[in-house]
Peer 1: 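Questions regarding the structure given below will be posed in turn.
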2 protein chains.
Amino acid sequence: MDDARVSGWDECLRAQGFRVTPQRHLVLQAVSTLQHATPEEIYGYIHERVGGLNLSTVYRTLEVLEKVGLITHTHIEHGSPTYHEVAQAVHVHLVCRICKNVDSIPAEAIAPLLEVLVDTRGFRADVGHLAIHGTCSACS
Amino acid sequence: MDDARVSGWDECLRAQGFRVTPQRHLVLQAVSTLQHATPEEIYGYIHERVGGLNLSTVYRTLEVLEKVGLITHTHIEHGSPTYHEVAQAVHVHLVCRICKNVDSIPAEAIAPLLEVLVDTRGFRADVGHLAIHGTCSACS
DNA sequence: CTGACTGCAAAAGGTTTGCAAAAAG
DNA sequence: CTTTTTGCAAACCTTTTGCAGTCAG
């Protein structure tokens with residue numbers, strides 16, 4: 001609540017013609033708190049603490065929050081996408097194939113890669129959306 | 001058929017206790033030909049050329065082929081995973097958020113990144129499984 | 001007030017599963 | 001022959017959609 005990370009979220013919505021509702025506040029808070037949460041997890045989190053929120057509202061809200069640029073999503077594993085706040089430091093996800101753990105590294109760590117992509121292909125990578133699968137140190 | 005890329009596939013299956021069936025041959029060929037195909041696309045491709053193959057068989061076959069190491073999958077976009085042959089040169093997928101095009105770059109192009117990950121985190125990235133989302137040169 | 005948003009229920013994908021028949025080794 | 005694999009149909013799960021009532025601005 002009144003987390004520095006989510007301050008200004010309401011203006012951000014209004015500025016783009018969306019309305020500010022308690023549901024949107026709840027979902028944004030949940031995303032901020034949970035980090036890498038799936039729609040289902042977000043729903044569960046809110047539902048057990050506050051109750052009375054519809055799953056389809058979660059989906060629609062995530063869509064809106066992503067559209068206005070407050071959150072993004074990544075595909076960490078087979079199933080559902082996971083959402084996280086844009087305001088939190090941009091980071092790359094390292095997903096271990098074995099223990100399923102998700103580690104994060106700062107975006108700067110892969111700066112050389114980004115340069116290569118832009119230079120050779122003119123491709124501007126969306127870093128926050130990046131999940132690298134592999135084997136973590138503990139499992140290899 | 002008798003594609004150099006898929007030679008030895010039958011031994012590969014048998015060596016791990018699986019049986020060699022025409023369905024598995026068809027699916028492997030389709031994966032090899034289509035590149036980055038979803039289960040649905042693989043099914044459609046085979047079904048329209050040969051007919052009489054069940055979708056659930058495609059799913060089960062993809063699972064087996066992946067288990068024995070002949071193919072891998074990546075998550076290129078929201079929905080279904082896409083499969084490709086392991087024998088084909090290992091490459092990284094560049095997925096454009098706007099035009100949805102999938103470009104490929106050789107794995108060596110991101111060697112510096114892999115080193116950074118191993119050195120700083122001991123994380124061994126699975127390159128063939130990597131899809132980088134962003135904006136391609138044409139769309140940016 | 002008015003249009004955007006929510007909740008509900010039903011539909012729509014996409015993937016998995018149980019079982020009996022067919023095929024591989 | 002024995003055991004795996006296939007086809008079929010039904011179950012499942014996640015996500016989307018239509019609609020009427022509700023709420024934000």
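Hydrogens, waters and symmetry mates are skipped; everything else that's a heavy atom, side chains included, is used. Convention: sequence-line order gives letters A, B, ...; per-chain numbering from 1.
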Peer 1: Taking CG from Leu55(A) and P from dA10(C), how many angstroms apart are they, rounded to a whole number?
Peer 2: 16 Å
Peer 1: Out of dT5(D), dT6(C), dT16(C), which nucleotide sits closest to the side chain of Thr61(A)?
Peer 2: dT6(C)
Peer 1: Does atom CD (Gln16(B)) have a neighbourhood of more than 12 heavy atoms from anything else shown, all under 6.0 Å?
Peer 2: yes
Peer 1: Ser56(A) side chain N/O closer than 4.0 Å to the phosphate oxygens (OP1, OP2) of dT16(D)?
Peer 2: no
Peer 1: Is the shortest side-chain N/O distance from Arg60(A) to OP1 or OP2 of dC5(C) below 4.0 Å?
Peer 2: no
Peer 1: Under 3.5 Å between N/O atoms: give me all the protein pairs with nucleotides 20-25 of chain C, atom names plus distance.
Peer 2:
{"from": "dA24(C)", "atom 1": "N3", "to": "Arg19(B)", "atom 2": "NH1", "distance (Å)": "2.7"}
{"from": "dG25(C)", "atom 1": "OP1", "to": "Arg14(B)", "atom 2": "NH1", "distance (Å)": "3.1"}
{"from": "dG25(C)", "atom 1": "OP1", "to": "Val20(B)", "atom 2": "N", "distance (Å)": "3.2"}

Peer 1: Specify the separation, in whole Å, of atom CD of Gln23(A) and atom C1' of dC8(C).
Peer 2: 14 Å
Peer 1: Please work out if Gly52(B) contacts a base, only the sugar-phosphate, or nothing of the nucleic acid, heavy-atom cut-off 4.0 Å.
Peer 2: sugar-phosphate
Peer 1: Between His91(B) and His36(B), is the ring centroid distance below 6.0 Å?
Peer 2: yes
Peer 1: Rounding to an integer number of Å, can you tell me how far His25(B) NE2 sits from dT5(D) C1'?
Peer 2: 17 Å
Peer 1: Among His133(B), His73(B), His84(B), which residue meets the ring-ring contact (aromatic ring centres under 6.0 Å, His included) test with His93(B)?
Peer 2: His84(B)
Peer 1: Can you tell me how far C1' of dT16(C) sits from CG of Leu62(B), to the nearest Å?
Peer 2: 14 Å
Peer 1: Can you check the Glu63(B) CD to dG14(C) C1' distance for me, whole Å?
Peer 2: 15 Å
Peer 1: Within the 4.5 Å heavy-atom criterion, are His25(B) and Val20(B) side-chain neighbours or not?
Peer 2: no
Peer 1: Starting at NE2 of His73(A) and ending at P of dT14(D), how long is that distance when rounded to a whole Å?
Peer 2: 17 Å
Peer 1: Let's go through Val116(B) and Leu113(A) carefully: what are the C-alpha distance in whole Å and the side-chain angles of both, what is the deciding distance for side-chain contact (heavy atoms from CB on, under 4.5 Å) to 0.1 Å, and is it a yes or a no?
Peer 2: CA-CA 10 Å; Val116(B) 170; Leu113(A) 168 67; over 6 Å; no
Peer 1: Rounded to whole angstroms, how far apart are CZ on Arg24(A) and P on dA24(D)?
Peer 2: 11 Å
Peer 1: Do other residues, nucleotides or ligands put more than 12 heavy atoms under 6.0 Å from Arg124(B) CZ?
Peer 2: no
Peer 1: Separation of Leu13(A) atom CG from dC23(D) atom P, in whole Å?
Peer 2: 19 Å
Peer 1: Any side-chain N or O of Asn54(A) below 4.0 angstrom from OP1/OP2 of dC8(C)?
Peer 2: yes
Peer 1: Report which part of the nucleic acid Leu53(A) touches: base, sugar-phosphate, or nothing (heavy-atom distance under 4.0 Å, all strands).
Peer 2: sugar-phosphate
Peer 1: Could you tell me whether the side chain of Cys12(B) reaches within less than 4.5 Å of the side chain of Phe18(B), counting heavy atoms only?
Peer 2: no
